[in-house]
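Below is one structure, written out as structure tokens; comments come after it.
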Amino acid sequence: MTDHNETDVVERVPKGLLIGGSWRPQAAPGDGPREFQVEDPSLAEPLCSLPDAGTPDALDALDAAHAAQPGWAAVAPRERADILYRAYQELMRRQDDLALLMTLEMGKPVAESRGEIAYAAEFFRWFCEEAVRIDGGWQTSPDGNGRIWTMRQPVGPALLITPWNFPMAMGTRKIGPAIAAGCTMIIKPAHQTPLSMLALAGILQDAGLPAGVLNVLTTTRPGEVCEPLLRDGRIRKLSFTGSTKVGKLLLAQCADQVLRTSMELGGNAPLVVCEDADLDKAVAGAAAAKMRNIGEACTAANRMYVHASLAGEFTARLAVRLGAMQVGRGTEPDVVVGPLIDAAGRDKVARLVEDAVAEGAKPVLGGAPIEDRPGYFYPPTVLADVPATARLLREEIFGPVAPVVPFETDEEALALANDTEHGLVSYVFTENLRRALWFTERLESGMVGLNKGVVSTPAAPFGGIKQSGLGREGGRVGIEEFLETKYVALDA
Ligand code: NAP
């Protein structure tokens, strides 16, 4: 580590498993407590060690979450809301040091991390407002012979599993509605980026969250920790954000106990630039949709379909824009492109680009990993005339690579955009209202960015269709994922 501030923010993080309100090491009968190292991907150097939880720790956390559930469900909604609001305020007060912490473990530039802290905090503000608006229903039965009364109740203890790419926001997007609804929970952050979650758990404790409501398990053994919980019967809900591959495995495990599930899975977002698009807007939107989070976002534009009349100019302007972006350690001033998360992530991007070029794509910018410094860097890359056979049009790239494919007609662009098993988000750039409606109604995705490269906001329902997931996070419907509806038939 290079500077005092960096050492300080890492030291301040509570480094234990949070179980039943206490921080403790991993309980390892026989072989002593197990730990694992968290790494700074910009230096490929360790930041600190954390407990590596196993099945016994998971079952202890489940005992705690299960025991706390009835009491927590009975806490007044206003009290639950106030805890969220205090945590929101503290997240914003500590925005700078939490941003630095996130940059150290994940790599994104500090300015982007600050943006994520604000975005993450906003989920708490949004759901504190929802906590006091949970309602039910009352109606006369159609035959007039009874009353139909519905009430909303917390679904019960929930297991929350989050990915490394948005270490704080993917947590608050689940924890916010779970607290608002009155659910206890166990959260398992990704092994690459657990520090932000531990810091957040400390903030929630200080904000007055009762012991056992939030339990945190850091681990490199996700299967050993999560599968016994999903098969136990006391967990009633899984909320997962991560890859489609792991999501499918977990859905199969959830079938055992018929668990409620929310699945935010992988994407393969198309970005369509129509012949009447405003090119300034399209290039800016494409750069934002591609480069946010170093391209490591489920919402990243993975494939850019550009009308043949604009493809040359669009590609050249995008290359100039991305080429001007400074690559480096996220803590350095002016850096806008940090490292990828690890060697496997960088090597996957490199392989996909090599494959595309071998198939006939033309590199206009970048095209090879940066080898002359430590860390896992890949430069902004633009590929022109990418053929349909290139693997990166089918697989999530998860890096700063923009493949451009020209098209001739709207029907062709729509067919190409929808030709994927994923359906998280699509982007369309057009100045024509009729064409905009035509595309937005036909694109097979849970979200559409219309003349806009960023769709995420806590006030909107975020989620996908097809193999991109089940359920929605955020917006008015976000809390529904943590509530059950009970109907009472009245003979009145
Ligand atoms: P991942 O490999 O699926 O991991 C996600 C989480 O699942 C991590 O906490 C991981 O733990 C855990 N996990 C892995 N194997 C598991 C198992 N057998 N049982 C229980 N948990 C397990 O995905 P990732 O590489 O971290 O994240 C990138 C993916 O997330 C991309 O596909 C991206 O599109 C998707 N994503 C989707 C959204 C959305 O809202 N739709 C948002 C962000 C990211 P370990 O860290 O220990 O492996």
Side-chain angles (χ1 to χ4, degrees), residues 36 38-39 41 50 52-55 58 105-106 116 119-120 123 159-174 186-197 216-231 235 238-254 261-269 292-302 340-342 344-345 348-349 395-399 420-425 445-447 455-458 460-474 478 481:
F36 69 100
V38 182
E39 194 186 65
L50 291 178
D52 193 358
T55 306
E105 65 175 348
M106 189 272 169
E116 183 180 336
Y119 172 52
F123 281 105
L159 174 62
L160 317 177
I161 304 177
T162 53
W164 49 262
N165 59 345
F166 292 99
M168 188 72 90
M170 298 301 97
T172 58
R173 201 162 81 169
K174 299 180 188 307
I186 300 169
I187 187 155
K188 195 216 77 63
H191 73 277
Q192 294 100 330
T193 58
L195 298 174
S196 297
M197 186 60 65
V216 185
L217 297 171
T218 54
T219 185
T220 58
R221 301 176 277 172
E224 280 177 50
V225 162
C226 298
E227 187 168 357
L229 298 178
L230 296 174
R231 296 199 191 273
I235 284 286
L238 170 68
S239 178
F240 172 78
T241 299
S243 61
T244 298
K245 183 172 161 230
V246 174
K248 286 182 186 179
L249 179 87
L250 295 174
L251 277 171
Q253 293 174 9
C254 287
T261 57
S262 303
M263 309 300 283
E264 297 285 351
L265 308 178
N268 180 6
R292 177 170 175 250
N293 223 42
I294 324 164
E296 295 171 314
C298 51
T299 50
N302 211 55
L340 297 181
I341 190 67
D342 54 22
K348 178 191 172 195
V349 173
E395 288 180 38
E396 225 179 353
I397 303 169
F398 246 53
T420 169
E421 69 270 22
H422 294 290
L424 188 62
V425 60
S445 57
M447 303 175 286
V455 297
S456 308
T457 158
F462 187 104
I465 61 171
K466 295 159 88 175
Q467 293 189 30
S468 287
L470 299 167
R472 294 293 179 269
E473 291 188 326
E481 302 282 326

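Numbering starts at 1 and runs along the sequence shown. Every number for a ligand or one of its atoms is a count from 1 in the order of the listing.
The OG1 atom of Thr420 sits 8.5 Å away from the CG atom of Asn302 when rounded to the nearest 0.5 Å. To the nearest 0.5 Å, atoms OG1 (Thr241) and CD1 (Ile161) are separated by 9.5 Å. The structure places SG of Cys254 at 9.0 Å from CZ of Arg231, a figure rounded to the nearest 0.5 Å. In this structure, SG on Cys298 lies 9.5 Å from CG on Leu265, to the nearest 0.5 angstrom. Residue Met197 holds its CE atom at 9.5 Å from NZ of Lys188, rounded to the nearest 0.5 Å. For the atom pair CD (Gln192) and CZ (Phe36), the distance works out to 9.5 Å, reported to the nearest 0.5 Å.
Across all non-hydrogen atoms, the minimal contact from Pro194 to Glu105 is N-OE1, 3.2 Å. The two atoms that bring Asp52 and Arg221 nearest to each other are O-NH2, 2.6 Å, heavy atoms only. Listed here is the closest heavy atom pair of His422 and Ser468: CB-OG, 3.5 Å. Heavy atoms only, all atoms of each residue included: Thr218 and Pro189 are closest at CG2-CG, 4.4 Å. Nearest heavy atoms, Phe398 versus Glu296: O-CG, 3.5 Å.
Closest to atom 45 (P) of ligand 1, if we only count protein heavy atoms, is His191 ND1, 3.3 Å. Looking at atom 23 (O) of ligand 1, its nearest protein heavy atom turns out to be Ser243 N, 3.4 Å. When hydrogens are left out, the protein atom nearest atom 21 (N) of ligand 1 is Pro222 CB, 3.6 Å; that is the closest non-hydrogen contact. Looking only at protein heavy atoms, the nearest one to atom 42 (C) of ligand 1 is Cys298 SG, 3.0 Å. Of the protein's heavy atoms, Lys188 NZ, 4.0 Å lies nearest to atom 10 (C) of ligand 1. Scanning the protein for heavy atoms near atom 40 (O) of ligand 1, the closest one is Arg173 NH2, 2.8 Å. Looking only at protein heavy atoms, the nearest one to atom 27 (O) of ligand 1 is Pro163 CB, 3.4 Å. Ranking protein heavy atoms by distance to atom 41 (N) of ligand 1, first place goes to Leu265 O, 2.8 Å.
Of the candidates Thr219, Asn165, Thr220, Leu238, Asn165 brings a heavy atom nearest to atom 44 (C) of ligand 1. Comparing heavy-atom distances from atom 28 (C) of ligand 1 across Phe462, Phe36, Phe398 singles out Phe398 as nearest.
Close contacts of ligand 1 with Leu424, meaning ligand atoms under 4.0 Å from a residue heavy atom, involve 41 (N). Of all the atoms in ligand 1, the ones that sit under 4.0 Å from a non-hydrogen atom of Val246 are 3 (O), 13 (N), 14 (C), 15 (N), 16 (C), 22 (C). Proximity to Leu250 (heavy-atom distance under 4.0 Å) selects the following atoms of ligand 1: 19 (N), 20 (C). For ligand 1, the atoms closer than 4.0 angstrom to any heavy atom of Gln192 are 46 (O). Numbered from 1 in the order shown, with element, the atoms of ligand 1 that lie under 4.0 Å from a heavy atom of Thr162 read 6 (C), 8 (C), 9 (O). Numbered from 1 in the order shown, with element, the atoms of ligand 1 that lie under 4.0 Å from a heavy atom of Leu249 read 18 (N). Each of the following atoms of ligand 1 lies closer than 4.0 Å to a heavy atom of Cys226: 20 (C).
Between Trp164 and ligand 1 there is a heavy-atom distance shorter than 4.0 Å.
The cationic atom of Arg472 (NZ for Lys, CZ for Arg) does not lie both less than 6.0 Å from the six-membered ring centre of Phe462 and within 45° of the ring axis.
The distance criterion of under 3.5 Å between nitrogen or oxygen atoms is met by Glu396 with respect to ligand 1.
In this structure, atom 4 (O) of ligand 1 has its sub-4.0 angstrom surroundings free of protein heavy atoms.
Contacts of Met170 with ligand 1, taken as heavy-atom pairs under 4.0 Å, involve the side chain alone. Contacts of Phe240 with ligand 1, taken as heavy-atom pairs under 4.0 Å, involve the side chain alone. When heavy-atom distances to ligand 1 are checked against a 4.0 Å cut-off, Thr241 comes that close through both its backbone and its side chain.
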Would you sort out whether Glu421 and Lys466 count as a salt bridge (charged side-chain N to carboxylate O under 4.0 Å, His left out), showing the intermediate values? CA-CA 6 Å; Glu421 69 270 22; Lys466 295 159 88 175; over 6 Å; no

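Of the N and O atoms on the side chains of Ser239 and Glu481, not one donor lies less than 3.5 Å from an acceptor on the other residue.
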